[in-house]
Each structure stands twice: as C-alpha cells, then as structure tokens.
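Accompanying notes for the structure given below.
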Amino acid sequence: MARTIERMIRVGGLISPLLVLLRGTAGAVPQVLESASVGNGSESSNDIRSYFAIDVEDGALRTPELITKYGYPVESHQVTSADGYIISVTRIPSKKVVHPWPVLLVHGLLASSADFLIIGPNNSLAYLLADRGYDVWLADMRGNRYSLGHTRLTSDSPDYWDFTWHEMGYYDLPAIIDLILRQTGARQLNYIGHSQGTTVFFVMASSRPEYNDKIAHMYALSPAVFVKHMRSPLSRWLVQHANLLQDLFDTFGIHRFLPHSDGQLKISQMLCPLAETENLCMQIVSLTVGPNPKMVDMVAMQVLTGHDPAGASVKQLMHFAQLHRSGKFRQYDYGRRNNTERYSHWKPPAYNLSAITAPVTIFYARNDWLIDPRDALRFARLLPKEPTVHLVEDDNFNHLDFTMAKNARPMVYERILSDLAKRERTATNGRS
C-alpha cells in the first residue's frame with residue numbers, strides 16, 4: 001500500500017495527486033510511468049509550432065544541457081549549507097565584466113532553475129540577461145532534482161526531508177549568495193525570485209538581516225509571503241485537507257512530494273496531446289494558477305512538464321498551508337507543546353519584516369489565483385522601506401505567466417531590464 005501511495009505522488013508533468021484523485025487513474029498511470037522512456041514527442045506534436053524558438057525535446061534536457069544547446073557558456077557549481085545540504089548552482093558567465101552586479105534567479109515551489117530557460121532565447125529571463133552581458137546565476141533549492149545531496153544524509157532518509165522553505169532562506173540562500181560574491185568579487189548582487197523564490201528571500205532578509213547589505217536590488221515576481229486569499233480551487237482543496245493529507249503521508253512514511261521522474265515528459269505527451277488546447281494538463285494548470293489561454297504556448301507547456309514538478313518536501317507544502325490558514329508570515333507551526341520547546345512560546349514566531357532593508361520591486365497580477373493582489377499589496381504596505389510596485393498590465397496574466405507567457409517579456413522582463421540599467425547608471429553617476 002505504501003508503494004502505491006508513493007507511486008501516486010510520483011506521477012509526472014503537472015499531473016498532481018489531485019489528478020489521481022479526481023480522474024481515477026491511480027492504477028494505470030504509475031504502470032505507464034515505470035515503463036515510459038523520454039522521447040522527442042508524439043507524431044501529432046510534429047505539426048504543432050511553437051511561438052518560441054524551442055523544441056519539445058527541451059523537456060528531456062537538464063539545465064546545463066539547455067543552456068549549451070542554445071549556444072551559451074555554462075558552469076556548474078555546488079555549495080554546502082551550514083546544515084549540510086549540497087546545493088547546485090548553474091552559471092551563465094558573462095564574456096566580459098560589463099555590469100557591477102551579478103544576477104541570481106531563484107525558482108518557485110516544485111520548480112527548478114530550468115523555469116527561467118524554458119521559453120528559450122530572446123524570451124526567457126536568464127537568456128535576456130545573458131544577452132545584455134549580465135553574469136547570470138540560477139539556483140536549485142534543496143530537495144529538487146538538482147539538489148538532493150547532503151554531507152551525511154541520503155535523499156532516501158526521512159531526516160533529509162525534515163525541512164521547509166524556512167531552511168532554504170536561512171541556510172541555502174546565504175550560502176549561495178556568498179558563493180556568487182566570492183566567485184565574482186562583487187560586493188552585491190541583484191536578486192530575482194518567482195513565487196517561493198521570493199519567500200526564501202524574505203525569510204533570509206528578515207532572519208539574517210546582515211544579508212540585506214549584499215543585495216543591490218530584489219525583484220519579487222508574485223511574492224508568496226501572504227497567501228490568505230488564494231483563489232485556486234485545487235490549492236484551496238489541498239489546504240482544506242492539509243491535516244488529513246499530513247496524517248496519510250505520516251502513516252505511510254512519505255516525506256517527499258512529487259519528485260522528478262525521467263518518465264514524466266512521456267506521460268504528459270500521452271495524456272495531454274499538444275493538438276488538444278484544452279487537454280487535461282491545461283485544465284489542471286488553469287485551475288491552479290488562473291486561466292490565460294491566449295498567452296499559453298502548447299509546446300512550452302509540454303517542455304515544462306519534463307522539468308516540473310522537480311520535487312519538494314511534504315513539510316514544505318504544509319508550511320504554505322499554514323500561511324494560508326493563519327494569514328500570517330511566520331515559522332512552521334509544530335503544535336503548542338512542540339512550539340514551546342522549539343520557540344519558547346506556544347505560537348510560532350512571525351518573521352520580522354521590519355528587518356528587511358534591501359530595496360524591493362514587486363510585480364503582481366490580477367488573474368494570479370495563487371497570490372491574490374490583496375495579499376501582494378498587503379505585503380508591500382508592511383515593508384519598512386517602501387517598495388516599487390508594478391501591476392502587470394495584462395488583466396489575464398496569471399501566476400505561471402511570470403515564467404511561461406508569450407507576453408512575459410514585454411509585460412515583466414523588459415521593465416526589469418530597463419530598471420537594472422537605470423539603477424546601474426545612477427550608481428555609476430553617484431561614484432563619478
């Protein structure tokens with residue numbers, strides 16, 4: 001039985017446990033997953049053209065392979081956090097130093113560094129930055145497919161998965177930042193995070209305030225700090241049944257959620273054909289992040305299913321569920337007795353937002369079903385240093401569009417690139 005539950009959680013692409021529960025495919029899908037091998041796409045996909053200059057086979061490539069395929073230089077680095085997790089960091093080095101600050105990009109929940117590469121050259125944020133001569137660094141946070149190492153634990157150990165995004169912000173991110181500054185000789189870096197990539201930043205900036213001084217500027221794409229008003233019916237279902245799901249996972253000793261599988265691209269190709277614009281994957285995505293069919297590229301979505309989900313801890317998801325229920329940005333709630341032992345108080349401590357002094361720009365969207373505009377604006381009001389706030393001009397822009405939409409470049413990326421250049425000029429003029 002435990003193995004059956006484990007297999008249900010391993011179903012690839014954007015086919016989550018909800019798909020298994022709602023569509024009754026628990027028996028068939030795992031069997032297909034075990035025997036499937038990644039291919040270059042079904043015959044029907046050959047007739048589907050992408051808006052972007054990408055191929056379905058990109059879903060089978062790892063991050064360094066994607067970068068190399070499109071003609072960019074690449075370096076692979078590793079850094080060990082203070083609590084022993086080995087974190088992978090990928091670099092697209094600049095051919096010559098033309099900018100004073102490197103740029104760090106950090107992915108969201110169940111995602112990976114590939115999220116900033118999937119829509120290809122001239123569109124993905126990592127490539128756009130590299131084209132302008134920036135030294136680009138892509139992080140893979142603990143527990144995803146690229147960062148499963150540890151100095152003494154294996155990823156098969158329950159102890160390995162005893163973390164949330166709190167540890168990512170407190171341990172992983174400082175180690176990554178120190179690595180980049182050490183490698184480049186820079187004093188500061190620019191930071192761009194999407195969703196959970198913003199969560200971990202604000203954990204670090206509030207809990208380890210000395211790192212604020214190492215940030216030239218922080219760009220928060222759909223900041224996942226307050227999540228009280230999420231509109232996604234699937235996510236709300238998960239949150240409402242979080243305690244039941246936690247008991248189920250504990251009963252069967254499951255600590256790892258949606259780990260990456262080499263077969264998940266093939267599964268997606270079989271269950272969600274490109275020719276069907278309202279296929280099952282698209283329905284699941286729309287119900288999770290918000291519908292925006294006009295800005296969806298079907299090939300890019302299938303490429304995405306080869307990369308995401310990339311894995312997370314069950315505890316990581318439960319922490320987000322707690323944020324939703326409490327409406328507060330605070331540490332993990334272990335229950336009154338355990339909280340008292342850990343925190344010396346029966347309530348988990350709230351993160352000290354007043355300690356965040358790094359300059360911040362927030363991007364939010366009306367049709368984001370995970371981070372509601374009300375939550376994004378509430379967070380903006382609580383920062384001690386008033387952030388710059390941008391509402392994406394497309395009223396249909398959703399949570400996933402920040403990395404995947406056909407109009408992500410004009411709606412978001414061009415504004416970031418312009419702002420980076422402006423800040424750089426200001427800093428240069430200030431020194432002259």
Side-chain angles (χ1 to χ4, degrees), residues 1-17 20 26-27 29-38 60 62-64 76-90 107-114 139-172 175-176 196 200 238 242 245-267 305-321 332 334 338:
M1 181 64 175
R3 184 174 294 274
T4 300
I5 300 293
E6 179 85 29
R7 288 174 179 172
M8 288 169 63
I9 295 174
R10 289 185 62 88
V11 176
L14 291 169
I15 312 301
S16 69
V20 176
V29 172
Q31 293 174 7
V32 175
L33 181 60
E34 288 179 346
S35 61
S37 61
V38 175
R62 295 172 66 85
T63 289
S76 296
H77 297 262
Q78 287 188 327
V79 63
T80 302
S81 67
D83 59 345
Y85 287 79
I86 301 172
I87 310 303
S88 294
V89 188
T90 303
H107 61 80
L109 177 67
L110 290 168
S112 76
S113 51
D140 280 291
M141 308 309 285
R142 69 173 68 185
N144 89 350
R145 62 182 295 198
Y146 298 110
S147 297
L148 292 172
H150 194 280
T151 55
R152 58 182 179 82
L153 300 172
T154 70
S155 59
D156 292 329
S157 167
D159 289 340
Y160 175 92
W161 298 99
D162 186 19
F163 64 81
T164 80
W165 37 260
H166 170 80
E167 286 76 16
M168 296 178 188
Y170 195 84
Y171 296 112
D172 298 355
I176 293 167
Q196 183 188 261
V200 298
L238 279 173
L245 291 170
Q246 180 73 74
D247 291 342
L248 179 67
F249 293 144
D250 289 344
T251 298
F252 293 104
I254 296 170
H255 309 281
R256 186 178 183 181
F257 190 78
L258 287 178
H260 182 269
S261 167
D262 288 340
Q264 63 193 47
L265 176 60
K266 197 66 174 181
I267 293 291
T305 64
H307 294 277
D308 300 347
S313 72
V314 169
K315 189 176 180 181
Q316 198 174 328
L317 274 77
M318 294 302 163
H319 200 172
F320 274 121
Y332 194 84
Y334 292 92
N338 291 329

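For clarity, every value in this text was computed on a predicted model and none was experimentally measured. The figures here come from the full heavy-atom set of this structure, side chains too, leaving out hydrogens, waters and symmetry mates. For the single chain, residues carry numbers from 1 onward in sequence order.
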Do Lys315 and Asp162 have side chains that get closer than 4.5 Å, going by heavy atoms?
yes
Cation-pi check, Arg142 to Phe163: give yes when NZ or CZ is under 6.0 Å from the six-membered ring centre and within 45° of the ring axis, no otherwise.
yes
For a quick check under 3.5 Å, do Thr63 and Ser113 share a side-chain donor-acceptor pair by atom type?
yes
For residues Ser112 and Asp308, determine if any side-chain heavy atom of one lies less than 4.5 Å from a side-chain heavy atom of the other.
yes
CA sep, side-chain torsions, deciding dist, call: Phe257, Trp161, ring-ring contact (aromatic ring centres under 6.0 Å, His included):
CA-CA 10 Å; Phe257 190 78; Trp161 298 99; over 10 Å; no
Restricting to non-hydrogen atoms, name the atom on Ser147 and the atom on Asp140 that form the minimum distance, rounded to 0.1 Å.
OG-O, 2.6 Å
Nearest heavy-atom approach of Ala60 to Leu265 is N-CD2, 3.8 Å
Do we see a donor-acceptor contact under 3.5 Å between the side chains of Thr154 and Asp156?
no
Non-hydrogen atoms of Ser155 and Leu148 that approach each other most closely
CB-O, 4.1 Å
Is there a side-chain contact between Ile86 and His150 (heavy atoms, below 4.5 Å)?
no
Beyond-backbone contact of Met141 with Trp165, side-chain heavy atoms, under 4.5 angstrom:
no
Starting at CG of Leu110, measure out to CD of Gln196 and round the result to the nearest 0.5 Å.
8.0 Å
Kindly give the heavy-atom pair with the smallest separation between Pro64 and Ser76, and that separation in Å.
CG-OG, 3.8 Å
Given side-chain contact (heavy atoms from CB on, under 4.5 Å), test Asp172 with Val200 step by step and report yes or no.
CA-CA 9 Å; Asp172 298 355; Val200 298; over 6 Å; no
Does the side chain of Thr80 reach to within under 4.5 Å of the side chain of Ile87, using non-hydrogen atoms?
no
Is there a side-chain contact between Asn144 and His107 in this structure, where contact means two heavy atoms from C-beta onward sitting under 4.5 Å apart?
yes
Check against side-chain contact (heavy atoms from CB on, under 4.5 Å), Leu317 and Leu109:
CA-CA 8 Å; Leu317 274 77; Leu109 177 67; 4.0 Å; yes
Can you see which heavy atom on His319 is nearest to which on Tyr332, and at what distance?
NE2-N, 3.3 Å
Exercise: identify the closest heavy-atom pair between His307 and Gln264:
C-NE2, 3.8 Å
Atom pair CD1/OG1 of Ile267 and Thr305 - distance to nearest 0.5 Å:
10.0 Å
Output field: ring centroids Tyr160/Tyr85 closer than 6.0 Å
yes
